[in-house]
> 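First, the structure itself, so that you have it in front of you.
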Amino acid sequence: MSVLKGIRVLDCSIAMAGPFAAQRLGDMGADVIKVEPTTGEWQRHAPAGGAWGKEINVSFLSLNRNKRSLAVDLKAPDGKALLLELVKTADVFLQNYRPGVAARLGVDYETLSAINPRLIYVSMSGYGEDGPYKNYPGQDLLLQSMSGAMMSAGRAGEPPSPAGQYLVDAITAYSAFEGALAALFHRERTGEGQKVEVNMLDAITTIQMQELSVFTVGHKPQARSAEPHAHCYIRAPYGVFRTKDSYLTIAMAPLKLLGELLGDPFFEHLQDQTDSWTYRDEIYARTQAGLMAKTTEEWLALFRAVDIWAGPVYGYEDLVNDPQIAHNGTFVEYDHPTEGRVKVPGFPIKFSKTPSAIERGAPRIGEHSREVLKSLGKSDAEIDALLSSGAVRQAPELQHA
């Protein structure tokens with residue numbers, strides 16, 4: 001049995017952060033019902049990388065496995081009534097509407113907790129539910145730029161470089177996932193539900209616990225160097241370097257030992273914890289010049305033999321084919337009814353007795369509408385009436401299943 005078997009989650013979120021958090025709950029066995037508009041959730045129509053897929057685009061596919069889709073018009077009285085019925089059966093309600101929208105729809109915490117006092121209500125936003133920025137768009141890049149993190153890496157005087165992932169979305173998703181689990185644990189002890197608030201600004205800020213404490217407590221300002229450096233609060237050498245054939249990364253190498261391998265006497269009398277800051281630019285330049293003499297594999301063999309921290313720079317093809325990734329079972333494959341055989345990242349948390357699994361791929365719009373409504377005790381005639389009125393949508397070929 002999966003660890004969250006018997007927990008019902010109503011996922012009323014869109015885009016990445018909310019659906020990703022709900023998917024993690026589904027991976028652990030929760031019954032996640034994706035409550036989406038009859039036209040489909042926003043992400044169905046906005047694929048990253050232009051990866052449209054056959055019927056379900058890759059972005060939606062990647063964020064919505066282990067869910068059932070109920071396509072319902074919440075602005076229709078019948079549709080709204082169905083959602084409130086479902087709330088009575090739910091353990092977790094998750095939404096990332098802009099502040100004020102939940103109240104306008106009548107699905108705010110006060111309304112839903114009155115219907116189900118045991119409900120865990122997870123509310124996600126860009127900057128918080130109130131305050132001067134509450135109506136600003138909560139988009140990943142905008143939050144990355146506001147977080148301060150971009151100013152900790154790269155060259156002074158050059159534009160800051162964003163992360164190569166949807167970093168803020170992912171961190172916010174995990175914060176919401178963590179909050180939902182903690183609130184469920186509290187409910188097991190006390191029987192009471194509660195509201196859990198997560199916002200992207202706080203998530204990306206607090207994940208920088210060490211860096212920001214260096215600034216606020218240690219009073220060390222961010223100071224990017226003239227040469228490329230991966231983090232202003234880490235001593236040199238620290239970053240990506242070109243080799244004879246590609247790239248590698250080096251992290252905080254002992255300077256004297258590094259100099260011996262590079263054949264550069266400049267490093268011989270340097271002190272790791274003092275000179276690595278004073279001569280940060282020169283250390284970078286000399287390290288870069290020396291590394292051009294050998295290939296990445298040659299340098300990695302030398303560095304690993306003496307325990308200098310160094311590693312390759314991967315692209316996705318390298319990552320997917322890495323032997324440790326294969327050993328860990330990091331990627332999983334399954335057959336999707338419309339997209340065929342798919343290979344995707346799997347489960348980062350492993351349970352010895354309650355393993356995660358893919359029970360179903362990302363659903364078509366309203367694929368499970370009839371199934372979900374039957375679980376509420378609705379008759380076929382009642383469901384047919386809801387479908388006819390447009391309050392509910394069912395995937396076409398499943399209309400009469």
Side-chain angles (χ1 to χ4, degrees), residues 1-36 41 43 59-68 90-97 102 109 112 118-129 138 140 143 147 163 165-189 193-209 330 332 344-363:
M1 182 189 300
S2 298
V3 69
L4 293 180
K5 181 80 171 178
I7 296 296
R8 172 169 281 186
V9 178
L10 302 184
D11 175 16
C12 291
S13 65
I14 67 168
M16 177 175 170
F20 195 13
Q23 178 171 281
R24 284 287 178 242
L25 295 169
D27 286 349
M28 292 186 180
D31 173 23
V32 180
I33 300 174
K34 185 173 187 68
V35 181
E36 58 181 322
E41 190 243 295
Q43 190 76 76
S59 291
F60 188 88
L61 186 81
S62 68
L63 297 168
N64 290 282
R65 70 185 179 212
N66 286 330
K67 300 180 185 181
R68 297 189 288 167
D91 299 285
V92 177
F93 182 93
L94 189 150
Q95 58 88 355
N96 61 354
Y97 301 122
Y109 173 67
L112 300 193
R118 289 173 52 83
L119 186 68
I120 307 303
Y121 186 103
V122 181
S123 177
M124 305 171 69
S125 63
Y127 303 85
E129 294 193 2
D140 189 282
L143 270 299
S147 73
Q165 313 80 32
Y166 307 120
L167 182 65
V168 184
D169 281 330
I171 291 167
T172 306
Y174 269 86
S175 298
F177 169 60
E178 179 183 349
L181 292 180
L184 284 169
F185 184 61
H186 170 78
R187 194 186 70 175
E188 287 299 303
R189 287 175 159 178
Q194 62 179 301
K195 184 179 184 181
V196 177
E197 292 185 44
V198 174
N199 74 72
M200 299 171 78
L201 181 59
D202 286 353
I204 189 60
T205 299
T206 55
I207 205 73
Q208 299 176 82
M209 181 65 70
T330 305
V332 296
V344 293
F347 316 111
I349 303 172
K350 292 180 169 59
F351 298 93
S352 63
K353 296 183 179 179
T354 56
S356 299
I358 297 180
E359 301 295 339
R360 53 171 61 91

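Remember, predicted model here, so these are calculated numbers, not experimental data.
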> So how far is it from Cys12 SG to Asn96 CG, rounded to the nearest 0.5 Å?
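These two atoms lie 9.5 Å from each other.
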> Looking at Lys195 and Glu129, is there a salt bridge between them, counting it only when a charged N and a carboxylate O are closer than 4.0 Å?
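Yes, Glu129 and Lys195 are salt-bridged.
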> Among residues at least two apart in sequence or on other chains, which ones pass side chain to side chain donor-acceptor pair (under 3.5 Å) with Asp140?
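For Asp140, the residues satisfying side chain to side chain donor-acceptor pair (under 3.5 Å) (neighbours in sequence not counted) are Gln144.
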> For residues Ser13 and Gly18, report the shortest heavy-atom separation together with the two atoms involved.
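In this case the closest contact between Ser13 and Gly18 is OG-C, 3.0 Å.
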> Is there side-chain contact between Ile120 and Val196, with at least one heavy-atom pair below 4.5 Å?
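They are in contact (side-chain heavy atoms under 4.5 Å apart), so the answer is yes.
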> Around atom NZ of Lys5, are there more than 12 heavy atoms of other residues, nucleotides or ligands at under 6.0 Å?
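No.
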> Answer yes or no: is there a side-chain heavy-atom contact under 4.5 Å between Arg65 and Val344?
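They are in side-chain contact.
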> What pair of heavy atoms forms the shortest contact from Ala17 to Ala173, and how long is it?
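Ala17 and Ala173 have their closest heavy atoms at O-CB, 3.2 Å.
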> How long is the span from the CD1 atom in Ile14 to the CD atom in Glu41, to the nearest 0.5 Å?
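Between atom CD1 of Ile14 and atom CD of Glu41 there are 6.0 Å.
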> Can you confirm whether more than 12 heavy atoms, excluding those of Ile358, are under 6.0 Å from its CD1 atom?
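It does: Ile358 CD1 has more than 12 such atoms within range.
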> Just how far is it from atom CZ of Arg360 to atom NZ of Lys67, taken to the nearest 0.5 Å?
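The NZ atom of Lys67 is 12.0 Å from CZ of Arg360, to the nearest 0.5 Å.
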> Does Val198 reach the side chain of Thr172, with side-chain heavy atoms less than 4.5 Å apart?
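A side-chain contact exists here, since the closest heavy-atom pair is under 4.5 Å.
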> If the plane angle is over 60° it's perpendicular, under 30° parallel, otherwise tilted; pick one for Tyr174 and Phe20.
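Aromatic pair Tyr174/Phe20 classed perpendicular.
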> Do Gln95 and Ser123 come within less than 4.5 Å of each other through their side chains, counting heavy atoms only?
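Yes. Closest side-chain heavy atoms under 4.5 Å.
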> Measure the spacing between CG of Leu4 and CG of Leu184 and express it to the nearest 0.5 Å.
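CG of Leu184 is found 7.0 Å from CG of Leu4.
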> For a 4.5 angstrom cut-off between non-hydrogen side-chain atoms, does Tyr97 reach Met124?
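With C-beta onward as the side chain, the pair stays apart.
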> Please check if the side chain of Ser356 supplies one atom and the backbone of Asp27 the other of a donor-acceptor pair under 3.5 Å.
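A pair under 3.5 Å: yes.
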> So, taking the atom named CE in Met28 and the one named CZ in Phe347, what distance separates them when rounded to the nearest 0.5 Å?
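If we round to the nearest 0.5 Å, Met28:CE and Phe347:CZ are 10.0 Å apart.
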> Evaluate the side-chain proximity of Ile349 to Phe177: yes if any heavy-atom separation is below 4.5 Å, no if none is.
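Side chain of Phe177 against side chain of Ile349, heavy atoms only: contact under 4.5 Å found.
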> Working to the nearest 0.5 angstrom, can you tell me the gap between Gln208 CD and Ile204 CD1?
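Output value for this atom pair is 5.5 Å.
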> Are Gln194 and Tyr109 linked by a side-chain donor-acceptor pair shorter than 3.5 Å?
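The criterion, which ignores hydrogens and geometry beyond distance, is not satisfied for Tyr109 and Gln194.
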> Please find the pair of heavy atoms, one from Val332 and one from Pro345, that lie closest to each other, and give the distance.
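Where Val332 meets Pro345 most closely, the heavy atoms are CG2-O, 4.3 Å.
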> Do the side chains of Asp31 and Arg8 get close enough for a salt bridge, i.e. N-O under 4.0 angstrom?
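Yes.
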> Look at the side chain of Thr354 and the backbone N and O of Phe351, then say whether any donor-acceptor pair between them is shorter than 3.5 Å.
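Side chain of Thr354 to backbone of Phe351: no pair is present.
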> Looking at Arg24, Glu359, Gln23, which hits side-chain contact (heavy atoms from CB on, under 4.5 Å) with Asn66?
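Result: among Arg24, Glu359, Gln23, Glu359 is the only option passing the side-chain contact (heavy atoms from CB on, under 4.5 Å) with Asn66.
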> Go through the structure and list residues passing side chain to side chain contact (heavy atoms under 4.5 Å, CB included) with Asn199, not counting sequence neighbours.
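Counting only residues at least two positions away or on another chain, Asn199 forms a side chain to side chain contact (heavy atoms under 4.5 Å, CB included) with Ser125, Leu201, Asp202.
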> State, yes or no, whether a side-chain contact exists between Val92 and Val122 at a heavy-atom distance under 4.5 Å.
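Yes - at least one pair of side-chain heavy atoms lies under 4.5 Å apart.
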> Write down the atom of Ala90, the atom of Leu119, and the distance for their closest heavy-atom approach.
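That would be O-CD1, 3.8 Å.
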